[in-house]
Amino acid sequence: MIFGRGILTGLFAILLASSGEASAAGQLDCMAQSYDAGQLAKIAEASEGFTINKSRDDKSQGFADIAIMAAANCADQRSWTDDQIYHAMFYEIGRLGEAAYRHSGNLTAEQMVKLDRALTNQDRTELWALMEKTVAASINGEEANLSLKDQTKLGIFIIGSGLGSDEATGEKVGGLLGMMAIQRYAQREFEALEKKE
């Protein structure tokens with residue numbers, strides 16, 4: 001799906017209210033509110049045709065560069081430590097990636113509704129734990145592979161949610177869940193550091 005001329009306005013709204021966790025993010029909200037028109041244009045450009053499966057492409061690097069700048073700006077305003085900046089940066093990369101992916105067309109609107117419904121209609125603590133374990137390993141420079149047991153749990157969730165049973169759909173849903181899990185993990189680590197101060 002290619003974004004139209006209204007991308008900047010639409011994406012700006014997405015950035016300010018993209019995830020259900022946003023209002024709980026506290027200080028991390030600073031980054032979403034710090035972008036100027038030029039940065040929003042770069043986010044829009046990086047979002048066009050975004051796919052999580054190409055995690056090392058130029059678009060992902062574009063998000064990383066923008067998130068690093070936003071984290072640095074907020075750190076100056078709010079006196080964040082280096083460790084807080086580190087987790088804030090990953091939080092913002094995940095938030096931007098989720099917003100882009102939700103509007104990329106990689107998953108249909110119907111699939112997105114089914115996914116969001118499945119995530120909220122029962123306790124997903126176990127699902128989030130396995131996803132956060134994977135992203136935490138990746139963030140910490142470790143091998144980020146799901147065990148066969150965890151892959152099975154993820155597959156059961158995807159199929160049970162009515163999203164499909166093919167490998168491509170599984171990769172797309174897993175990638176989006178990963179972006180959401182990065183935010184959850186990074187926010188928790190950031191807030192733990194706040195409590196230590």
Side-chain angles (χ1 to χ4, degrees), residues 11-36 39-40 43 46-47 50 52 55 60-103 112 115-146 150 153-154 157 173-197:
L11 192 55
F12 182 74
I14 294 164
L15 291 172
L16 292 181
S18 64
S19 82
E21 303 289 327
S23 62
Q27 288 205 55
L28 294 172
D29 285 342
C30 169
M31 292 177 290
Q33 298 163 11
S34 70
Y35 298 116
D36 60 28
Q39 289 169 321
L40 286 172
I43 292 168
S47 297
F50 182 74
I52 291 169
S55 60
S60 295
Q61 187 58 49
F63 281 156
D65 293 345
I66 291 165
I68 289 167
M69 290 189 336
N73 289 337
C74 289
D76 287 343
Q77 297 170 26
R78 300 180 180 223
S79 302
W80 290 347
T81 66
D82 288 347
D83 286 341
Q84 285 176 311
I85 295 169
Y86 182 76
H87 291 295
M89 174 193 67
F90 277 107
Y91 173 87
E92 191 65 358
I93 289 170
R95 197 179 70 81
L96 292 173
E98 179 190 350
Y101 202 75
R102 282 180 173 274
H103 293 80
M112 288 304 316
L115 175 60
D116 288 333
R117 186 181 301 133
L119 288 171
T120 57
N121 69 2
Q122 55 184 283
D123 183 7
R124 296 298 180 190
T125 303
E126 190 175 9
L127 175 70
W128 287 123
L130 76 89
M131 293 304 302
E132 289 175 44
K133 176 179 70 175
T134 303
V135 299
S138 181
I139 286 172
N140 293 314
E142 301 165 7
E143 194 66 35
N145 293 324
L146 288 175
D150 286 345
K153 288 178 183 177
L154 181 57
F157 166 76
V173 174
L176 179 55
L177 290 175
M179 286 290 181
M180 297 168 78
I182 287 170
Q183 295 168 75
R184 295 170 64 93
Y185 172 78
Q187 179 180 336
R188 187 169 57 252
E189 293 297 304
F190 182 95
E191 290 175 349
L193 290 166
E194 271 190 304
K195 290 174 184 173
K196 289 181 182 177
E197 292 182 348

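- Every residue two or more places apart in sequence or in another chain that forms a side-chain contact (heavy atoms from CB on, under 4.5 Å) with A137 is listed here: E142, A144.
- Residues meeting the salt bridge (charged side-chain N to carboxylate O under 4.0 Å, His left out) test with D116, sequence neighbours left out: R102.
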Note to self: Between L115 and L177, does the side chain to side chain contact (heavy atoms under 4.5 Å, CB included) criterion hold? Intermediate values first, please.
What the structure shows: CA-CA 10 Å; L115 175 60; L177 290 175; 4.2 Å; yes
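- Closest approach of G178 to V135, counting heavy atoms only: O-CG1, 3.6 Å.
- Under the side-chain hydrogen bond (donor to acceptor under 3.5 Å, both in side chains) criterion, D82 pairs with no residue at all, not counting sequence neighbours.
- Side-chain atoms of T134 come within 3.5 Å of backbone N or O of L130 as a donor-acceptor pair.
- Applying the ring-ring contact (aromatic ring centres under 6.0 Å, His included) rule to Y185 yields no partners; only residues at least two apart in sequence or on another chain are considered.
- The closest side-chain heavy-atom distance from L40 to D36 is not below 4.5 Å.
- The side-chain hydrogen bond (donor to acceptor under 3.5 Å, both in side chains) search around E126 returns K153, not counting sequence neighbours.
- Legend: residues meeting side-chain contact (heavy atoms from CB on, under 4.5 Å) with M69, ordered by chain and number and at least two apart, are Q39.
- Looking at W80 and L193, their side chains never come closer than 4.5 Å, going by heavy atoms from C-beta outward.
- Every residue two or more places apart in sequence or in another chain that forms a side-chain hydrogen bond (donor to acceptor under 3.5 Å, both in side chains) with E132 is listed here: R184, R188.
- The side-chain hydrogen bond (donor to acceptor under 3.5 Å, both in side chains) test applied to T125 returns D123, not counting sequence neighbours.
- If you take OG on S34 and CD1 on I66, they are separated by 10.5 Å, rounding to the nearest 0.5 Å.
- Shown here are the ring-ring contact (aromatic ring centres under 6.0 Å, His included) partners of F157, two or more places apart in sequence or in another chain: there are none.
- The side-chain contact (heavy atoms from CB on, under 4.5 Å) check on A71 picks up M31, I85, A88, M89, with sequence neighbours excluded.
- The line from CD of E143 to CG of N140 is 13.5 Å long, rounded to the nearest 0.5 Å.
- In this model, a donor atom of one side chain and an acceptor atom of the other lie less than 3.5 Å apart for Q27 and E194.
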request  = Apply the test side chain to side chain contact (heavy atoms under 4.5 Å, CB included) to residues W128 and L119: give CA-CA distance (whole Å), side-chain angles for both, the deciding distance (0.1 Å), then the verdict.
outcome  = CA-CA 10 Å; W128 287 123; L119 288 171; 3.9 Å; yes
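- One finds the OH atom of Y91 at 12.0 Å from the CD1 atom of I182 (value rounded to the nearest 0.5 Å).
- In this structure, CE on M179 lies 9.0 Å from CD on Q183, to the nearest 0.5 angstrom.
- The backbone N or O of T81 lies less than 3.5 Å from a partner atom in the side chain of Q84, making a donor-acceptor pair.
- One finds the CG atom of D29 at 9.5 Å from the CD atom of E92 (value rounded to the nearest 0.5 Å).
- Judged by distance alone, the side chain of D150 and the main-chain N or O of L146 form no donor-acceptor pair under 3.5 Å.
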Problem - N73 vs Y35, side chain to side chain contact (heavy atoms under 4.5 Å, CB included): CA-CA, chis, key distance, verdict - result: CA-CA 10 Å; N73 289 337; Y35 298 116; over 6 Å; no
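- Nearest heavy-atom pair, Y86 versus I139, reported as atom, atom and distance to 0.1 Å: OH-O, 2.7 Å.
- Taking CD of Q187 as the start and CZ of F190 as the end, the distance is 9.5 Å to the nearest 0.5 Å.
- In this structure, the side chains of R95 and L28 stay at 4.5 Å or more apart for every pair of heavy atoms.
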